[in-house]
Amino acid sequence: MGKRGASFSEFASLCSELEKISSNISLRKKLAKYFKGKKGRTIKYASYLILGQIGPKYEDLAMGFGTKTMVKILARTFDKDEERVRKLFKKKGDLGDTANTLSKRKRSSLKLKHVLDRLKKIQKTSGEGSQEERAEEMAELLQDATAEEAKFIVRIALENMRLGVGEMTVLEAFAEAFTDDAENKDVIENSYNVCTDIGELGESLAEHGMKGAKRFSISLGRPVKVMLAQRVDKVSEILEKIKGNRIAAEEKYDGERVEIHKDGKDVQLFSRRLEDISDQYPEIVEGMRKCVKAKKAVLDGEIVAYKNGKIQSFQKLMQRRRKYDVKEYRKKIPVAVFLFDVLYVNGRSFLKKSYPERRKKLESIVNQSTRIKLAGRKVSTNFKEIKKFFQKCVDKGLEGIIVKSTAKESVYQPGNRGWLWIKWKKEYAEGMKETIDAVIVGSYHGRGRRKGHYGALLCAVLNKDKDRFETFTKVGTGFTDKDFESIGKKLKKLKARKKPKRLKVKKRMEPDIYYRPEMVIEVLGAEITRSPSHTAGEKDGKGLALRFPRFLRVREDKGPEDITTVREVRQIKK
Ligand code: AMP
């Protein structure tokens with residue numbers, strides 16, 4: 001690209017403008033205006049950076065800088081006392097703003113591509129003595145930048161852009177910039193569910209228009225978003241909704257979703273957040289090499305804690321979910337995977353094949369073992385049999401069943417929650433309401449026994465259409481002392497000085513402390529009503545609200561973009 005590549009300063013001033021905008025439509029318009037007419041490569045780089053990433057989500061590209069290290073780096077960059085930087089940070093509440101104040105530089109020749117390359121190089125620098133090298137390179141980059149550029153470089157390094165721009169806003173901006181029809185957003189979103197590399201998708205759309213959205217297919221090493229299941233309130237609804245006479249019911253395992261990519265001896269495991277979790281489950285990686293007969297394959301399944309032929313609890317599995325001491329924990333908490341789908345085999349995509357065809361293929365390429373298993377199931381035209389199977393699952397201690405359509409059109413739909421898969425859990429059968437996955441966005445100080453801890457947590461669901469988080473409930477019960485401690489510890493790192501931009505909250509519900517929307521919890525509630533206190537799917541000043549909520553568990557396997565959506569809440573309320 002040489003001298004003619006896109007400048008970083010234009011990108012930084014775009015970020016400054018976005019920071020001031022709160023309406024989602026204006027954010028999209030501004031972003032689309034920037035994208036329009038730019039080269040494909042520029043779109044690619046800018047799409048990552050605007051989200052505070054340096055590459056696609058599924059590549060393990062965390063920058064790994066904490067605020068303490070960044071304070072030191074800023075002191076070094078601008079030749080200031082660390083104490084002074086710390087004080088300024090305290091006043092400003094953000095290290096990007098701190099860098100902006102400390103830097104005096106007004107001009108730079110930084111290019112978008114070079115900033116990205118340099119950040120990537122810093123990210124790759126690891127191992128002994130790397131701290132020093134990383135700090136040195138970061139300081140050099142900040143010295144080359146203008147004050148405004150430094151502000152956003154610091155925020156990228158801390159992976160928190162604070163612009164209020166989420167993936168959906170970027171996809172909408174693509175639709176507006178590269179196609180004439182905003183309606184195209186749905187097609188683009190479906191394409192993103194398959195491609196999952198937002199930069200690559202943006203580049204393709206910029207170069208080929210809508211044709212560029214249709215070029216993507218599943219490929220090894222790049223996870224697709226997994227298919228999700230719908231829910232029903234009454235068991236009879238399953239029959240109304242599911243297509244086809246024959247029904248397949250599979251055991252529903254309460255563990256961690258995993259998408260497995262096998263390329264010869266190379267095996268990669270991806271979580272539903274698209275993180276590479278291969279290192280956490282070495283016995284699954286080894287098992288896949290041995291048990292999958294196809295040389296290349298993409299498989300879908302659920303990992304559970306599994307000891308002496310018995311499935312263990314979800315909590316046990318979460319203790320196993322760790323980056324360190326894997327060897328020790330592998331012995332303590334062994335796992336197994338229950339495979340239920342196949343998406344790709346030896347160069348052929350199976351996404352468009354029907355469920356019966358996929359299941360047949362799955363059975364033909366897997367030799368089961370202690371660690372690698374196929375999901376147990378029952379196929380029948382008689383619904384009584386399905387109900388019997390459900391009871392058997394519950395008696396065995398499983399969560400319930402997933403009913404799957406066997407009709408011709410029962411394709412695999414990445415990222416979609418449709419009527420081809422329907423979940424039926426024992427909680428529903430017991431007349432209790434569905435659980436909600438919500439993100440913690442704030443807390444209120446506790447009193448009495450809870451003094452010094454939070455008293456209640458303000459939680460939000462995701463409004464996908466507006467690409468923001470809307471409050472839905474305030475949870476104060478169901479926590480053990482241990483929960484308090486561990487949640488409190490994690491929340492400390494997510495503290496935010498101001499209301500996060502992507503959060504919509506009513507004045508009367510403002511919490512004592514705000515948090516970056518990152519930590520997901522599962523909550524059980526008695527009823528969904530309309531309340532003037534909450535903002536979820538607000539209509540006539542009243543939002544949807546969950547009454548009598550009770551904390552169930554932390555969902556480390558889910559990210560803020562995977563939580564329950566306003567649309568789903570509306571459906572449950574019906
Ligand atoms: P939920 O998390 O309650 O929305 O339930 C859907 C989840 O159940 C999926 O995302 C999977 O992680 C999990 N699951 C467990 N067993 C199965 C199965 N046999 N088929 C599909 N999904 C399953």
Side-chain angles (χ1 to χ4, degrees), residues 193 223-233 238 242 247-260 269-275 277 299-306 311 313-314 317-318 321 335-343 355 358-359 362-363 366 373-379 386 389-390 392-394 396-406 410 412-429 432-438 461-462 520-524 552-559 561-565 567-569 571-572:
N193 287 338
V224 300
K225 290 213 175 162
V226 290
M227 180 161 166
L228 302 164
Q230 268 287 11
R231 52 181 118 199
V232 285
D233 276 339
I238 298 177
I242 202 98
I247 296 178
E250 289 186 358
E251 294 180 340
K252 183 177 194 303
Y253 308 98
D254 191 13
E256 170 161 27
R257 186 75 175 262
V258 65
E259 183 178 325
I260 306 170
L269 312 181
F270 295 101
S271 72
R272 66 184 277 168
R273 305 179 66 171
L274 309 178
E275 297 160 320
I277 49 169
L299 303 157
D300 192 0
E302 187 95 350
I303 292 180
V304 292
Y306 193 79
I311 295 175
S313 69
F314 178 80
L317 181 74
M318 284 300 114
R321 201 177 193 277
V335 297
V337 66
F338 283 88
L339 299 169
F340 48 74
D341 224 315
V342 61
L343 320 186
Y355 165 75
R358 299 200 308 278
R359 175 75 193 200
L362 178 68
E363 286 173 12
V366 175
K373 302 185 170 300
L374 294 177
R377 64 172 196 157
K378 171 93 199 162
V379 187
I386 300 292
F389 179 72
F390 167 75
K392 244 166 95 188
C393 291
V394 173
K396 270 207 296 195
L398 294 167
E399 256 198 317
I401 54 174
I402 304 249
V403 178
K404 298 186 174 177
S405 165
T406 61
S410 59
Y412 190 95
Q413 298 176 316
N416 276 328
R417 202 183 279 285
W419 292 108
L420 294 171
W421 289 9
I422 302 173
K423 53 186 168 180
W424 181 247
K425 292 204 225 177
K426 60 173 180 273
E427 284 91 348
Y428 314 165
M432 273 152 90
K433 276 281 170 193
E434 171 61 84
T435 62
I436 303 285
D437 296 319
V461 288
L462 176 67
V520 179
I521 59 172
E522 198 175 329
V523 182
L524 181 72
L552 286 183
R553 56 190 181 176
V554 175
R555 293 297 305 241
E556 270 178 61
D557 57 324
K558 289 191 179 170
E561 313 293 331
D562 306 315
I563 62 175
T564 306
T565 60
R567 213 177 282 180
E568 283 172 70
V569 173
Q571 208 167 35
I572 303 168

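Positions are given from 1, in the same order as the sequence printed here. Ligands are counted one by one from 1 in listed order, and the atoms in each one are counted from 1 as well. Computed over heavy atoms, backbone and side chain alike; hydrogens, waters and symmetry mates excluded.
- Ligand 1 lies within reach of Arg272, whose nearest heavy atom is under 4.0 Å from it.
- Residue-ligand proximity, Lys425 to ligand 1, at heavy-atom distances under 4.0 Å covers atoms 3 (O).
- At least one donor-acceptor pair under 3.5 Å links the side chain of Glu259 to the backbone N or O of Val224.
- When the heavy-atom distances from atom 6 (C) of ligand 1 to Lys252, Glu251, Arg377, Lys404 are ranked, the shortest goes to Lys252.
- For the pair Arg358 and Tyr412, the cation does not sit on the ring face, since its NZ or CZ is not both under 6.0 Å from the ring centre and inside 45° of the axis.
- Using 4.0 Å as the threshold, Trp421 has a heavy atom nearer than that to some atom of ligand 1.
- Interatomic distance, Ser313 OG to Arg553 CZ, rounded to the nearest 0.5 Å: 9.0 Å.
- Using a 4.0 Å heavy-atom cutoff, Lys558 is listed among the residues neighbouring ligand 1.
- The pair Lys423-Glu251 does not meet the salt-bridge criterion, since no charged nitrogen lies less than 4.0 angstrom from a carboxylate oxygen.
- Inter-residue side-chain proximity for Ile242 and Val403 is flagged as met; some heavy-atom pair is nearer than 4.5 Å.
- For Arg555, no nitrogen or oxygen atom sits less than 3.5 Å from a nitrogen or oxygen atom of ligand 1, counting backbone and side chain alike.
- Residue Ile436 holds its CD1 atom at 9.5 Å from CD of Glu522, rounded to the nearest 0.5 Å.
- Using a 4.0 Å cutoff on heavy atoms, Met227 does not count as a contact of ligand 1.
- Contacts between Phe340 and ligand 1 below 4.0 angstrom, taking non-hydrogen atoms only, involve the side chain exclusively.
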